[in-house]
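Notes follow once the structure below has been shown.
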Amino acid sequence: MPELPEVETIASILCQGSPEQPALPGRHILGADLLWKRTLAEPAPGEFKSRLLGQVIETIGRRGKFLYFQLTRGWLLFHLRMSGDLLVRPRGTPFATHDRLVLQLDGDIQLAFNDARKFGRVWLVEEVDEVVGNLGPEPLDEGLTADDFFIHLHTTRRQLKPLLLDQTFLAGLGNIYTDEALNLAKLHPLTPANSLTQDQAVHLLEGIRTVLGDGIARNGASIDWVYRGGEFQNYFRVYQRTGEPCPECGTPIVRITVGQRGTHFCPQCQPAYIPNGG
DNA sequence: CACGAGACCTGTTCGC
DNA sequence: TGCGAACAGGTCTCGT
């Protein structure tokens with residue numbers, strides 16, 4: 001499920017609290033129930049528990065699509081993959097159907113990692129870079145300039161769609177926001193990265209920042225039964241709108257498969273790249 | 001290096 | 001109605 005805006009929304013709620021739930025920083029971890037063993041990437045379950053219990057959650061944040069909790073000693077990281085979610089509930093609430101890991105915290109609350117498809121993973125490590133060390137730059141980081149981005153694009157001839165999904169190239173984009181960003185930038189998803197002009201690179205970075213910013217402003221997207229809250233799904237321009245008119249020109253949106261991922265674009269606004277053809 | 005297929009999983013929706 | 005196929009917000013590994 002979650003891409004950068006959804007993870008950012010969850011991180012912000014866990015960190016600051018909301019009218020419905022208290023903030024987590026400052027709380028002690030009193031207990032841990034691991035209900036699906038493979039959810040824990042590392043360390044082994046016994047060591048996980050002995051190292052985790054008694055620690056305090058100091059800060060909560062996001063890097064790419066990872067959520068991180070800085071603890072008294074070390075870091076607890078979550079990746080929600082396709083269907084993960086983090087839910088705060090009153091202590092003693094019975095386990096829900098797809099709960100994979102439930103942490104008991106002081107203040108009579110529990111934090112549940114719920115994940116229908118079991119793709120999500122949890123790490124407890126000494127250094128945060130053991131998990132997020134090879135991620136690419138944050139797209140919303142102002143330190144990433146259009147010039148940097150242009151140069152970065154020209155290091156490869158890979159197609160834009162799979163390249164933007166590559167977290168070592170840029171951290172945080174997933175299938176939805178990539179399709180939306182390419183549409184805003186009027187770029188075909190199969191365009192070779194090193195064929196972009198400086199102007200096109202500027203528009204692509206702007207498109208990425210616009211869709212991510214809009215997604216965050218609307219608290220992310222809620223596509224199916226998994227995620228609740230956001231409403232960005234009501235503002236998709238091309239994603240899962242196959243056959244519907246392009247909001248720009250009215251041409252029906254087309255769906256193709258790229259790297260085994262559904263890919264949606266407007267064939268009029270985003271014409272295929274033609275070598276030597278301009 | 002770049003790409004495609006398969007694996008990991010469950011649940012919903014689509015097509016016959 | 002029923003049933004299998006296709007599809008879903010992600011990433012890793014392997015083979016070519």
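Throughout, protein chains are lettered first and strands after them, A, B, ... in sequence-line order, and every chain is numbered starting at 1.
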In whole Å, I'd like the distance from the CZ atom of A:Phe236 to the P atom of C:dG9. 10 Å
Under a 4.0 Å N-O cut-off, is there an ion pair linking A:Asp99 with A:Arg89? yes
Of the nucleotides B:dC9, C:dA8, B:dT10, which has the atom closest to the A:His98 side chain? B:dT10
Answer whether the closest heavy-atom distance between the side chains of A:Phe232 and A:Thr9 falls below 4.5 Å. no
5′-ward residue of the pair A:Thr156/A:Gln260 relative to DNA chain B: A:Thr156
For B:dC3 versus C:dG9, give the span between their C1' atoms, rounded off to a whole number of Å. 23 Å
May I ask you to verify whether the side chain of A:Arg117 and the base of C:dA8 hold a donor-acceptor pair under 3.5 Å? yes
Separation between the P atoms of B:dC9 and C:dG4, rounded to whole Å: 22 Å
Please state how far atom CG in A:Asn114 lies from atom P in C:dG9, giving the value in whole angstrom units. 19 Å
For B:dT10, take OP1 and OP2 only and decide whether either is under 4.0 Å from a side-chain N or O of A:Lys118. yes
Expressed as a whole number of angstroms, how long is the span from A:Arg261:CZ to C:dG9:C1'? 7 Å
Rounded distance in Å - CG (A:Leu165) to C1' (C:dA8): 14 Å
Does this structure show an ion pair linking A:Arg63 with A:Glu138, if we count only N-O contacts that are shorter than 4.0 Å? yes
Testing the 3.5 Å rule here: is there a donor-acceptor pair between the side chains of A:Gln159 and A:Tyr273? no
Under-4.0 Å side-chain N/O to phosphate OP1/OP2 contact, A:Arg255 with C:dA8: yes
Pick base, sugar-phosphate or nothing for A:Arg38, based on heavy-atom distances below 4.0 Å to the nucleic acid. sugar-phosphate
Length of the CG-P vector between A:Asp85 and C:dA8, whole Å: 21 Å
Can you tell me the distance, in whole Å, between the CG atom of A:Asn175 and the P atom of C:dC7? 13 Å
Among the nucleotides B:dC9, C:dG9, B:dC3, whichever has the atom closest to the side chain of A:Gln159 is B:dC3
Return the set of residues passing ring pair (Phe, Tyr, Trp, His ring centres under 6.0 Å) with A:Phe265 (not counting sequence neighbours), or none when no residue passes. A:His188
Could you tell me how the ring of A:Tyr239 sits relative to the ring of A:His264: parallel (under 30°), tilted (30 to 60°) or perpendicular (over 60°)? perpendicular
Return the value, rounded to whole Å, for the distance between atom CG of A:Leu164 and atom C1' of C:dG9. 16 Å
Within the structure shown, what part of the strands sits under 4.0 Å from A:Arg100 by heavy-atom distance: base, sugar-phosphate, or nothing? nothing
So which nucleotide from B:dC8, B:dG6, B:dA2 ends up closest to the side chain of A:Arg158? B:dA2
Atom P, compared across C:dC7 and B:dG6: separation rounded to whole Å: 14 Å
Parallel under 30°, tilted from 30 to 60°, perpendicular over 60°: which one fits the rings of A:Phe149 and A:Phe169? tilted
Which is true for A:Tyr239 with a 4.0 Å heavy-atom rule: it touches a base, it touches only sugar-phosphate, or it touches nothing? sugar-phosphate
Tell me which nucleotide among B:dC8, B:dG11, C:dG10 gets nearest to the side chain of A:His79. C:dG10
What integer distance in Å separates A:Lys161:NZ from C:dT11:P? 13 Å
Nearest-nucleotide pick for A:Lys65, side chain only, options being B:dA2, C:dG10, B:dC9: C:dG10
Is the aromatic ring centre of A:Phe119 closer than 5.5 Å to the centre of the six-membered base ring of B:dC8, with the two planes inclined by less than 30°? yes
Tell me every residue that passes ring pair (Phe, Tyr, Trp, His ring centres under 6.0 Å) with A:His154, counting only those two or more places apart in sequence or in another chain. A:Phe150
Look at the side chain of A:Thr72 and the backbone N and O of A:Val56, then say whether any donor-acceptor pair between them is shorter than 3.5 Å. yes
Relative to the 5' end of DNA chain C, which residue comes earlier, A:Phe66 or A:Gln240, by the nucleotide with the nearest heavy atom? A:Gln240
Taking the minimum atom-to-atom distance to the side chain of A:Arg81, which one of C:dT11, B:dC3, C:dG9 wins? C:dT11
Which stems, defined as runs of 3 or more consecutive Watson-Crick or G-U wobble pairs with both pairing distances under 3.5 Å, involve DNA chain B? B:2-8 with C:10-16, B:10-16 with C:2-8
